[in-house]
**Q** 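Have a look at the structure that comes next, please.
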Amino acid sequence: MKATVIATFFGVFHICTYAAKEAPKKTKKAKLYVPQIDCDVKAGKIINPEFIAKCPPGCQDVKYRVYGTDIYASFSSVCNAAIHSGIIDNAGGKILVQKVAGHSGYRGSFSNGVRSLSLPRWRESFLVSEGKPRKGVTYPSTLEYSSSKSTTVKSGNAVRKEHQTPPVPTPATQMATTTPTPTTTTTDPSTTPKPTTTPATTRTTTVAAAAKTRPGMHRVRDIGSSSVHPAYASVIAAASRQIQAAQGRGQNTAFRGTSTSASNRNILRPHTGIQRQEPVAAGSPAHLAMETDLWKPGLSLFDTGFSSKKELNPKPLESISQGNPNCKVDLSFLMDGSWSIGKRRFQLQKQFLGNVAQALGIGSAGPLMGIVQYGDDHSTEFNLKTYANSKDLRNAIEKITQKGGLSNVGKALSFVNKNFFLDANGNRGGAPNVVVVMVDGWPTDRVEEASRLARESGINIFFVTIEAAAESEKQNVIEPNFVDKAVCRTNGFYSINVPSWFSLHKVVQPLVKRVCDTDQLVCSKTCLNSADIGFVIDGSSSVGTSNFRTVLQFVANISKEFEISDTDTRIGAVQYTYEQRLEFNFDKYSTKQDVLSAIKRISYWSGGTSTGAAISYASEQLFSKSKPNKRKIMILITDGRSYDDVRVPAMAAHQNGVIAYSIGVAWAAQDELEAIATDPDKEHSFFVDEFDHLYRFVNQLIQNICTEFNSQPRN
């Protein structure tokens, strides 16, 4: 009996011991799902104050800009900053990001193959470290973005996409309150079926499905409405039935009801000033141009502005629109509301703006658009973040009423420069800022100074002028040739003249094409910028007289792209062989014509090739006398290997703030070109086999200089 009890005791003891050893396996720690981010994601776009994320391969690229060293401005690419700091390499990996306060200055440096840029100040910073959780900190498996951003989240074996999008206020709520709404999570729009141009019998299901999943769609017009094209009546009826069925099942489908009829509030108030009157006969082309089209067969059903007498659901939900990603610009239209334009032309202007909004493809990942109306004074009709899709924007434009008064364009431009492109108004920092000014006739105040200040702050200014001043009106023009004084004067890219308001619709596509040409917009400041550009020209005997003249033409072609004056860009030149000669200094010539003439007069020297000594000479004779507020750019052209060392002089120039470009021809040594050039080498060094091919690099060189001018965001 005693033996049995002892045996039983030891048996129970072993079972308990085994259970105690197995217990930890049952309480296994939950696995942390790490969200992946794209290379172009900036820390400032992620709301979470601390998070772990996975970077993909291939983020080590100059287009993913980084600002700072060790502590980075939140405008930086998160993943490329991690590569710069040495936490990961170009193969990607997990990183830990911690947000910290903004700094008054960020120091640029070259580290781990990444060139980071300097920045005077920024409102928020972040630190990156190895992607290991800190004790006691819970990390999100889904990142929260301040604007629409797709994030892939792994959950078990399934992969789903989520979009975090800040809601956009409707016109009714916009004026009542400015309080931000919490971020909402919605379904990836890429999974939403899109209407196609298939026969009506096969399109019914597609249209109905799209109607169910588009939360920003307007009410559907009655099937019997005379405004509905007969060919689409069955499609609309099916969509309506699907909507009602979805509501009956309690699905979360909401529609925002907005009238598409023309505003009847544009009643002409008593005024002073000139208003041109032109009688328009009913049925004439001009009369038809004034009508608001309720149906255009070429448009999507959801963009035609259908409405019904009964509102299905009054609660507004945000329309999800990524927009056209190839046209990511922040755009402000200055709308002419002066009395001289008249009621009829004001309506044509609204139709034009609505058509532009439609053609642009408004969306959070594409262009955003706001409108400022000007007359005696100016007022913001809506800012960049008010509407995130073209349909809502067009409806809002239709409701705008005319201000009246004079055409004070200069005052309106000053207002836009100081107030419109603020972060609080939806400015995204990385997108080019664009202002399109609509002018009927002529401005009643001066625009040159206001335009210059706006361009200096990085704003691209377009002028669309309609029906220029008549002969009898020219005596009232305060500033003749105001367009040439207001826009970038290197070409006609930034100005469009339209002979009549009734032909304004013809310039919708040309204007949209120019506004979306982001490469050209980056270069908008080449007509007015602060730089000292010094050319260091190889005059050795191997070049020859004919090729030397080709080099001078290359120098002239680059110089003429800049607005040259003492306060804008200044040009200097050095020629070298074994020795060096200062052809002219930065302060020698202050007009473009004088500079081009001086370049033409440079005489060929002939001799050896001491490129290193030439760089040192240019640093002492040119760039040491550069003004503190001007960017220093050296462009060196050579056709052979140097007799002396170029690395030490080039490094000294870089350390003194000189941005160096090297242009090699024929027998130039690639390793020397790279040593002379500022990092990254591929953007600052060029090689061509013949002198006659130098012209090929003019546009690329200008583009790279422009990019560096505009690399720092507006704060």
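Just so it is clear, the structure is predicted and the values come from calculations on it, not from any experiment.
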**Q** If you measure from CG on Leu353 to CD on Glu381, what distance do you get to the nearest 0.5 Å?
**A**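 That separation rounds to 10.5 Å.
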
**Q** Identify the two heavy atoms, one from Val329 and one from Val515, that lie closest to each other, and give their separation to 0.1 Å.
**A** CG1-O, 3.6 Å

**Q** Should the pair Arg134-Glu50 be classified as a salt bridge under the 4.0 Å nitrogen-to-oxygen rule?
**A** yes

**Q** Look up atom CG in Asn48 and atom OG1 in Thr142, then write down how far apart they are to the nearest 0.5 Å.
**A** 9.0 Å

**Q** Measure the CZ-CG distance between Phe420 and Leu331 for me, rounded to the nearest 0.5 Å.
**A**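 CG of Leu331 is found 8.0 Å from CZ of Phe420.
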
**Q** Taking all atoms of both residues into account, what is the closest heavy-atom pair of Ala675 and His654, and its distance?
**A**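 Scanning both residues, the minimum pair turns out to be O-CE1, 3.8 Å.
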
**Q** Could you tell me which residues satisfy ring pair (Phe, Tyr, Trp, His ring centres under 6.0 Å) with Tyr139, sequence neighbours excluded, listed by chain and number?
**A**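 With neighbours one apart ignored, the set is empty.
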
**Q** Just do the side-chain contact (heavy atoms from CB on, under 4.5 Å) check on Tyr374 and Leu413 with the steps written out, would you?
**A** CA-CA 10 Å; Tyr374 69 89; Leu413 273 171; over 6 Å; no

**Q** Return each pair, listed once, that meets disulfide (SG to SG under 2.5 Å) where at least one residue sits in residues 68-123; pairs must be two or more places apart or across chains.
**A** Cys55-Cys79

**Q** Quick one: do Asp532 and Lys632 make a salt bridge, cutoff under 4.0 Å?
**A**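 Between Lys632 and Asp532 there is no salt bridge, as every charged N stays at least 4.0 Å from the carboxylate O atoms.
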
**Q** Can you name the closest pair of heavy atoms from Ser125 and Ile71 and give their distance?
**A** CB-CG2, 3.6 Å

**Q** With rounding to the nearest 0.5 Å, note down the distance linking CG in Leu384 to OG in Ser332.
**A** 7.5 Å

**Q** Going by atom types only, do Asn427 and Asn433 share a side-chain donor-acceptor pair under 3.5 Å?
**A** yes

**Q** Judged by atom type as modelled, is there a donor-acceptor pair below 3.5 Å linking the side chain of Asn80 to the main-chain atoms of Tyr64?
**A** yes

**Q** Verify side-chain contact (heavy atoms from CB on, under 4.5 Å) between Phe126 and Val100, making sure each step is shown before the conclusion.
**A** CA-CA 5 Å; Phe126 70 97; Val100 294; 5.6 Å; no

**Q** Parallel, tilted or perpendicular: which fits the ring planes of Phe462 and Tyr494, with parallel below 30° and perpendicular above 60°?
**A**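 Tilted: the ring planes of Phe462 and Tyr494 meet at 30° to 60°.
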
**Q** Over all heavy atoms of both residues, which pair between Ala431 and Lys328 is shortest? Give the atoms and the distance, please.
**A** CB-O, 3.6 Å

**Q** Would you say the side chains of Asn395 and Asp392 form a donor-acceptor pair under 3.5 Å?
**A**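 No, no side-chain donor-acceptor pair sits under 3.5 Å.
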
**Q** Under 4.0 Å between a side-chain nitrogen and a carboxylate oxygen: does that hold for Asp423 and Arg428?
**A**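 Salt bridge absent between Asp423 and Arg428.
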
**Q** Over all heavy atoms of both residues, which pair between Thr69 and Gly108 is shortest? Give the atoms and the distance, please.
**A**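 Distance-wise, the nearest heavy atoms are OG1-C, 3.8 Å.
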
**Q** Test the Lys42-Phe75 pair against the cation-pi criterion, namely NZ or CZ under 6.0 angstrom from the six-membered ring centroid and within 45° of the ring axis.
**A** yes

**Q** Is the NZ atom of Lys99 crowded by more than 12 outside heavy atoms at less than 6.0 Å?
**A**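 Yes, enclosed.
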
**Q** With rounding to the nearest 0.5 Å, note down the distance linking CE in Met438 to CD in Gln373.
**A**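 Nearest 0.5 Å value for the CE-CD distance: 12.0 Å.
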
**Q** Begin with the C-alpha distance, continue with both residues' side-chain angles, and end with the deciding distance and a verdict on side-chain contact (heavy atoms from CB on, under 4.5 Å) for Val114 and Val66.
**A** CA-CA 8 Å; Val114 176; Val66 178; 4.3 Å; yes

**Q** When the aromatic ring centroids of Tyr106 and Trp122 are compared, is their separation below 6.0 Å?
**A**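 Not close enough - the centres of the two rings lie 6.0 Å or further apart.
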
**Q** With sequence neighbours excluded, what pairs up with Phe51 under the ring pair (Phe, Tyr, Trp, His ring centres under 6.0 Å) test?
**A** none

**Q** Would you compute the distance between atom CG of Asn425 and atom OG1 of Thr380 and round it to the nearest 0.5 angstrom?
**A**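 One gets 7.0 Å once the value is rounded to the nearest 0.5 Å.
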
**Q** Looking at Val436, Val372, Ile400, which hits side-chain contact (heavy atoms from CB on, under 4.5 Å) with Met335?
**A** Ile400

**Q** For Leu96 versus Lys132, what's the shortest heavy-atom pair and its separation?
**A**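 Shortest heavy-atom separation between Leu96 and Lys132 comes out as CD2-O, 3.8 Å.
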
**Q** Do His84 and Tyr72 have ring centres separated by under 6.0 Å?
**A** yes

